[in-house]
Protein chains: 2
Amino acid sequence: MNTQDRFAQLEPALLEEINTHGIIKTFAMGDVIMRTGQYIKSTVLILEGMVKISRNDDEGSEFLMYYLQPGEACAISIICASKAETSQITATAMEDTTVLMIPIGFMDTWMSKYKSWYYFVLETYRSRFEELLVVIDNVAFRNMDERLQFYLKRHTAASQSNIIALSHQQIAEELNSSREVISRLLKKMEQRGMLKLHRNSIELLIS
Amino acid sequence: MNTQDRFAQLEPALLEEINTHGIIKTFAMGDVIMRTGQYIKSTVLILEGMVKISRNDDEGSEFLMYYLQPGEACAISIICASKAETSQITATAMEDTTVLMIPIGFMDTWMSKYKSWYYFVLETYRSRFEELLVVIDNVAFRNMDERLQFYLKRHTAASQSNIIALSHQQIAEELNSSREVISRLLKKMEQRGMLKLHRNSIELLIS
DNA sequence: AGTGTATTGTGACTTTGGTTACAGACTGCC
DNA sequence: GGCAGTCTGTAACCAAAGTCACAATACACT
């Protein structure tokens, strides 16, 4: 699928410019697209696949913030790119992923030149800000069982499948918990009929 | 102090417009400036005082996100105002506070008309986004003792005084913890010589 | 089929932080 | 001074989640 279809809300002249100046890059599942401390010189738009944005502390612990889908942009890359600052997050390809990199130079020009770009950037900020609020809600007010449930639901929504192909260990890392805790909670949820456990995958039965 | 001095980075013509169209409102210490679910029709700039931005869950528990100082704008109000949506946060005056309300109608126009406004809005997004990342870091990776320490430091930095005039109860609420836990941890910190406890105030000895 | 590795299941234990209950101390006010 | 209300200190207990240790299972590969 091409840029026009993914970003239909952008005006034609802008899409033209994006096609001319944007650099297309592809990443394989598991590839790190951006890592903590790296200098950001481009804004990233997702064309295909799925990207995980997470926070990592000094000891290597990870904490999932949100997923980016095709048609979305990485708010952090916009923020950092506009200041040429280092990012404080990690972006990982969850599937084979194609992105469009827009050199920061165009940000300013397009912002005043194309109303649709301005709205797109604002909407990106708004939606990511709200996602962060939900993340904070979860981690501040909810227990691990609720957070796990939320995580599974979000994962099925993002991948449009009720099968979550992850090991307990991987889930534990994204929630900054430990494998045993996740296994325990998943087992309880299975006993309550909420899901079915398989090796390397979880089948969600409720929606 | 007037708008010119608080927002010296904005170009004169814009400041003129701000003075013409902005509505000045004052709030007493403790007043709620914005509450969850409320419709936002204006962007808020802080002129005097200090504003606390926090997240509140359904049961009334609170969770501090950050403080806003004079010269800063409320990112959430910008986001919500530009979409005329409801906010998911609460803003409370921590001191007697003066704010400037800018009706949303001007956002779009100024954004393309005044480069300095565009930069100001981007910078507001950037800094608040980064504050949220720090908040997530704290709550995801740190224990309560570290979070409390961080809280106290941030408070002294914001109020430019090493005296924190809050009861243990108030601190507990902002960290979504309980009074006993905070008392316990503060006592420990006092024994380690990090601070001195008084009634209704804490004197921070380390920086 | 047999071996090695990754994944999952589970029990015992520890730590952190929340809860309950109550005592003492300070402040304001009559 | 005496009383009410708020704030602080503390002990005992509980619950959630992290840790440790080890068993059991499944899969991949030869």
- line: Here the distance between atom C1' of C:dG11 and atom NZ of A:K187, to the nearest Å, is 15 Å

Side-chain N,O (A:H168) to OP1/OP2 (C:dG9) below 4.0 Å: yes

- line: Whole-Å distance, A:R179 CZ to C:dG9 P, equals 8 Å

query: Are side-chain N/O atoms of A:N19 and A:T3 paired as donor and acceptor at under 3.5 Å?
result: yes

message: Whole angstroms only, please: what is the NE2-C1' distance between A:H198 and C:dG9?
response: 16 Å

message: A side-chain contact here means heavy atoms from C-beta on lying under 4.5 Å apart; do B:V51 and B:I33 qualify?
response: yes

message: Rounded to whole Å, please give me the gap between CG in B:L197 and P in C:dG24.
response: 20 Å

- line: With the side chain defined as heavy atoms from C-beta on, B:S167 is closest, among D:dG9, C:dG18, D:dT8, to D:dT8

query: Can you tell me how far P of C:dG17 sits from CD1 of B:I171, to the nearest Å?
result: 16 Å

field: Atom-pair distance (CE on B:M144; C1' on D:dA16), nearest Å
entry: 14 Å

- line: Judged by nearest nucleotide, the residue sitting upstream toward the 5' end of DNA chain D, A:E180 or A:R142, is A:R142

- request: May I ask you to say what B:S178 touches in the nucleic acid, namely base, sugar-phosphate or nothing, with a heavy-atom cut-off under 4.0 Å?
  value: base

statement: With the side chain defined as heavy atoms from C-beta on, A:V181 is closest, among D:dA17, D:dG9, C:dT8, to D:dA17

query: In terms of side-chain heavy atoms of B:S177, which of C:dG18, D:dG18, C:dG9 is nearest?
result: C:dG18

- prompt: B:N143 CG to D:dT19 C1': how many Å, rounded?
  reply: 14 Å

query: When you measure from the side chain of A:R199, which nucleotide among C:dT27, C:dT16, D:dC27 comes out closest?
result: D:dC27

field: Stacked cation flag B:R128 on B:Y66, 6.0 angstrom / 45 deg
entry: yes

field: Donor-acceptor side-chain pairing of A:Y151 and A:N138 below 3.5 angstrom
entry: no

query: Is A:L186 touching bases, backbone alone, or none of the nucleic acid, heavy atoms closer than 4.0 Å?
result: nothing

field: Whichever of A:L166 and B:L185 has its nearest DNA chain C nucleotide further upstream toward 5'
entry: A:L166

- request: Using whole Å, report how far CZ of A:R184 lies from C1' of C:dG9.
  value: 11 Å

task: Verify the neighbour count for atom NZ of A:K25: are there more than 12 heavy atoms of other residues, nucleotides or ligands below 6.0 Å?
output: no

